[in-house]
Amino acid sequence: MDSTAASVITKLSIVYLICSISHTFFGELAAATPNKLHPYEVRALGEIARRMGKRDWDLRKDPCSGQGNWSVPFTNNNKGFESNVTCDCTLNNATACHVVRIALKAQNISGGVPPEFSKLRHLTILDLSRNCFNGSIPPQWATMRLVELSFMGNQLSGPFPEVLTKITTLKNLSIEGNRFSGPIPPQIGKLVNLQKLILSSNSFTGELPVTLAKLTNLIDMRISDTGFTGKIPEFIGNWTKIEKLQIQGSPFEGPIPSSISSLTRLSDLRMSDLKGGESSFPLLRNMESMKTLILRKCSISGEIPEYIGDLTKLKHIDLSFNSFSGEIPTSFAQLTKVDSMYLTGNRLSGPIPGWIQSRNKIVDISYNNFTWESSSPGECPRGSVNLVESYSASADNKLSKVYPCLKKNFPCSATSNQYYSLHINCGGKEVVVNDTKYEADLEQKGASTFYSRQNWAFSSTGIFMDNDIDSDVYIDTNVSTLHNVTAADSELYTTARASPLSLTYYGLCLMNGNYTVKLHFAEIVYTNDKSFNSLGRRIFDVYIQGKLVLKDFNIEDGAGGAGKPIVKNFTAEVTSHTLKIHFYWAGRGTTGIPVRGVYGPLISAISVDPNFDPPSGKKTHYGVVIGAVAGVIFLVLLVLCILRRKGLLGGKISVDRVGLALGNAFIVLGEGCIGIRRCGAFPLILQSDFHSWMVRSCLTAMVECSEAVDPRYWFGWWSPPPCFWVALVADLVVVVLSACRLSLGAAVAVVVVDGSGVGGCEGWGGGGGWEEVWLRPLQHLPFAIVAPFRYCSTVAAAVAIPDRESVTQLGSLPFESSDSSSGYMAPEYAMRGYLTDKADVYSFGVVALEIVSGKSNTNYRPKEEFVYLLDWAYVLQERGSLLELVDPDLGSEYSSEEAIVMLNVALLCTNASPTLRPTMSQVVSMLEGRTAVQDLLSDPGFSTINSKFKAIRKHFWEDPSVFHSMSTNGPHSDSSLWNIEKEENNILLRLDSVIYDKEVSS
């Protein structure tokens, strides 16, 4: 080899070495540099952005770099909103990054669907839900390899997009809430990988194609609110992996196919409003994972299977509006995890099980045929149990002690008091529109609720499904700008009452005849703009007197848009003094726009006016009242004049007779306050001595009126007849409670007297039974209690919260013994018959505890080791968790500080030792905030409970017979406690005698 050749070889070797080193160096440098999105996909994103008008994508920043606004974080202010572009830089040996996921949710993007999405070859997840896309899905998408696709809540239209049947990689497909129509093509059977298919809220028609049987990997199938017809096919039994199946509001025909028994993995089954004749209950025995079971209005008859109670994972069960008969299965008592149970509108019979009212669960068993027994409920609860029209009409002769709300067709309780019109501002405050007063309707509950006023009531049933909030909202507030409405009328459409299932308004004690019923509607939840918030469709049915008057009613369609009022007029005939207006959701309309849980009836106001002239002199009920009051005033003045002439009025002279028996009304006298109490078939005359200055205040009285009182029960002035109680107060808020068993038909009264001496009296007696009482929140009430008073009939106490330092001390008067009354009596009186001036303090404490907790002291036992509510309260106090006692029905709408004060005061008042209880003056001072509760708690006497008294109290409640044996020996009383003080600031009540006029009563 010559030198020239050697030199060439040497040079080539050097070049090779340099190239190798350079390749290695720059290769490592390239590997250390982050990969960018492939330029082809960058251009595709730019085209997509331009077509959608999306200007916030910054194409100067690489979408995979983490810079720019390619991924906008979620905040509470933009719930449902999502803007995210996700890359994967590990594909194809990491030579470049690729877009694999795009989510553009709730952004009001309009226009056609960009075909350029198909250029993103690696895109697997695309979520364009809650926008305003129109048209259909472009054919270019046939080449895409999507795994998940959602167009939920848009404006896509036309036939089912066959291009989707070519994307065979799809596992999740949702086109819910669009405007597609026509049949489903059989090619859908090609999507064998589908696990979720949601076709709800479209206008699809025809029968389900048999090729759907091939989709054996389905886990979630929803075909609610469509136009599908025919029978539910047997091939659904092929979907053995399915966990969620929803078929509501579509005109399918029953019965439910027997093959459904193969779907043993079901945890959520919802079927409703099926057409066709009655059928038997489907076989669901082996569905141990079931949590939500809805078979509503499916024309199912026969008895409810006992094995349903073995599905112990159930949390929500709705079998309403079928034709079920027989008793509620005893196994239902095992369903301890159930939060809501709806058996509304069936033919269920037998007694109402005791566990229904003992649990703090939502249970609606209204509109059934239950039989009444002595232990059955005699009233309509105001809590979480709805019993409206729950008793059989055939048992009317046994229901004399049952309130009308429990009876079929809700009969009028007093036909002598009739009304001729009705105006309700549903979900709103009291307003006056064109000289017509619309009554307020502000009840916040609605899951299983009965609410009543003087001449109207409503029953609400249902919970809003899938909204993922702790407390449903049953009063909606306007979010739209109202159109075509005057300023005065707008008050009726600012709020509206909503219902997720069933809402019935009752007009009570109306005079028989024809009426014009006006239903005021306005869509105030959806908006009247070009956003996705305007795309929802609310559809429901309306019945008046059982007749369907509006089918598939859409407020927006009728009014011409959201925020526009519409009034629908109907003529209704009232034949039994009761008008019934029923709103029902039949599964139609969207349920996820603008968010999940927006659907069902919405009513703004109701007005009912007669098509006849009321009888002369009775054009309105107010005229009746005014006339009656005028007559009473005349009689009152006459009686006062007679008393004055006899020297019984004026100065410091005590007044002897202040009650007047007139017909069957008991009239209470007092300057500035005249109360009339109807007392069944007989009157009573109250005689009392009291300080003369009290004449200037409001005298109030509550009288047991259900039956004549046998004189043998009268033992003297300190021992009035059973179920008789009188409160005489000045400038006080007083709750007067009856001291007798419910079986006696005890009357219950709430007396409200404000500082001006003008009082209002509410109470019922006579005719058997008693009605719940609603406590009105007043400005002087430290703890604004607005919960129903469910346990009044067994209490022997007067609760007084004055706005002045003076306070009435009403002793715990002896009364006929009752097993259920022992929990309210002071231990020293219950055990020994000794009546002290602290007995009323103890009773006040028990009642206050019940008010805050919404539970009965004697009936509530949270655990076996706790005998009564008070026992449990002391345990929670020691644990430092007293707020657990607050009635859960109050939600968060109360002051925890005021609740703690009320509970601590209640526990101080219930000290077993009377000497360690505070005085009523101290109680008032603590409730008004003038004295800190801790000042008394720090006293060594108040900080502990004497073990002897604690043992006595526990023994007394575990063995109430002790009370019976002692009460027969007669009560003991220190008469000095009842001497009337002659001081201006002391208010004491002395009941001298009660006179019963047997001749008048007969």
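Note that this is a predicted model, so its numbers are computed, not measured.
The line from OG of S325 to CG of L348 is 7.5 Å long, rounded to the nearest 0.5 Å. Atom-to-atom distance recorded for C298:SG and F281:CZ is 9.5 Å, nearest 0.5 angstrom. The distance from atom CG of N286 to atom CG of L266, rounded to the nearest 0.5 Å, is 12.0 Å. Put simply, CD on Q357 and CD1 on I352 are 7.0 Å apart, with the number rounded to the nearest 0.5 Å. The distance from the CZ atom of R359 to the CG atom of D339 is 11.5 Å, given to the nearest 0.5 Å. The distance from the OG1 atom of T590 to the CD1 atom of I539 is 8.0 Å, given to the nearest 0.5 Å.
Minimum heavy-atom separation, T226 to R588: O-NH1, 3.1 Å. Looking at every heavy atom in both residues, F450 comes nearest to C380 through CD2-CB, 3.5 Å. Pairing each heavy atom of R497 with each of L442, the nearest pair is NH2-C, 4.2 Å.
A donor-acceptor contact shorter than 3.5 Å is absent between the side chain of S502 and the backbone of Y584. The backbone N or O of E389 lies less than 3.5 Å from no partner atom in the side chain of S366, so there is not a single donor-acceptor pair. Side chain of D541 to main chain of D552: a donor-acceptor pair is present (N/O by atom type, distance under 3.5 Å, no hydrogens or angles). With N455 contributing its side chain and L422 its backbone, the two residues share no donor-acceptor pair below 3.5 Å. Side-chain N or O atoms of K408 include none that pairs as donor or acceptor with a backbone N or O of Y391 at under 3.5 Å. Judged by distance alone, the side chain of H577 and the main-chain N or O of M511 form no donor-acceptor pair under 3.5 Å. The closest donor-acceptor contact from the side chain of N467 to the backbone of M465 lies at 3.5 Å or more, if one exists at all. Distance alone, capped at 3.5 Å, places no donor-acceptor pair between the E253 side chain and the G276 backbone. Remark: side-chain polar atoms of N346 are paired, donor with acceptor, to backbone N or O of L319 under 3.5 angstrom. Between the S279 side chain and the I256 main chain, no donor and acceptor come within less than 3.5 Å of each other.
Using cut-offs of 30° and 60° for the angle between ring planes, the W239 and F235 rings count as perpendicular. Note: Y599 and F464 have perpendicular aromatic rings, judged against thresholds of 30 and 60 degrees for the angle between ring planes.
Within a 6.0 Å sphere centred on NZ of K291, other residues, nucleotides and ligands contribute 12 heavy atoms or fewer. Atom CD of E306 is surrounded by more than 12 heavy atoms from other residues, nucleotides or ligands within 6.0 Å.
No hydrogens or angles considered: nothing links the side chains of N514 and T571 as a donor-acceptor pair under 3.5 Å. Checked by atom type, the side-chain pair S259/E234 shows a donor-acceptor distance below 3.5 Å. Donor-acceptor pairing under 3.5 Å is lacking for the side chains of T292 and H316. A donor-acceptor pair shorter than 3.5 Å can be found between the side chains of Y505 and D441. Donor-acceptor pairing under 3.5 Å is lacking for the side chains of S267 and S289. Of the N and O atoms on the side chains of S200 and D225, not one donor lies less than 3.5 Å from an acceptor on the other residue.
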Under the criterion side chain to side chain contact (heavy atoms under 4.5 Å, CB included), I'd like the reasoning laid out for R596 against D468: C-alpha separation, chi angles, the key distance, then a yes or no. CA-CA 8 Å; R596 286 289 172 194; D468 296 328; over 6 Å; no
Could you walk me through whether V363 and L343 pass the side chain to side chain contact (heavy atoms under 4.5 Å, CB included) test, one step at a time? CA-CA 8 Å; V363 179; L343 304 178; over 6 Å; no
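A side chain to side chain donor-acceptor pair (under 3.5 Å) with S459 is found for exactly one of N386, D364, T504, namely N386. When each of R270, R296, K297 is paired with D318, the salt bridge (Lys or Arg N to Asp or Glu O under 4.0 Å) condition holds for R296 and for no other.
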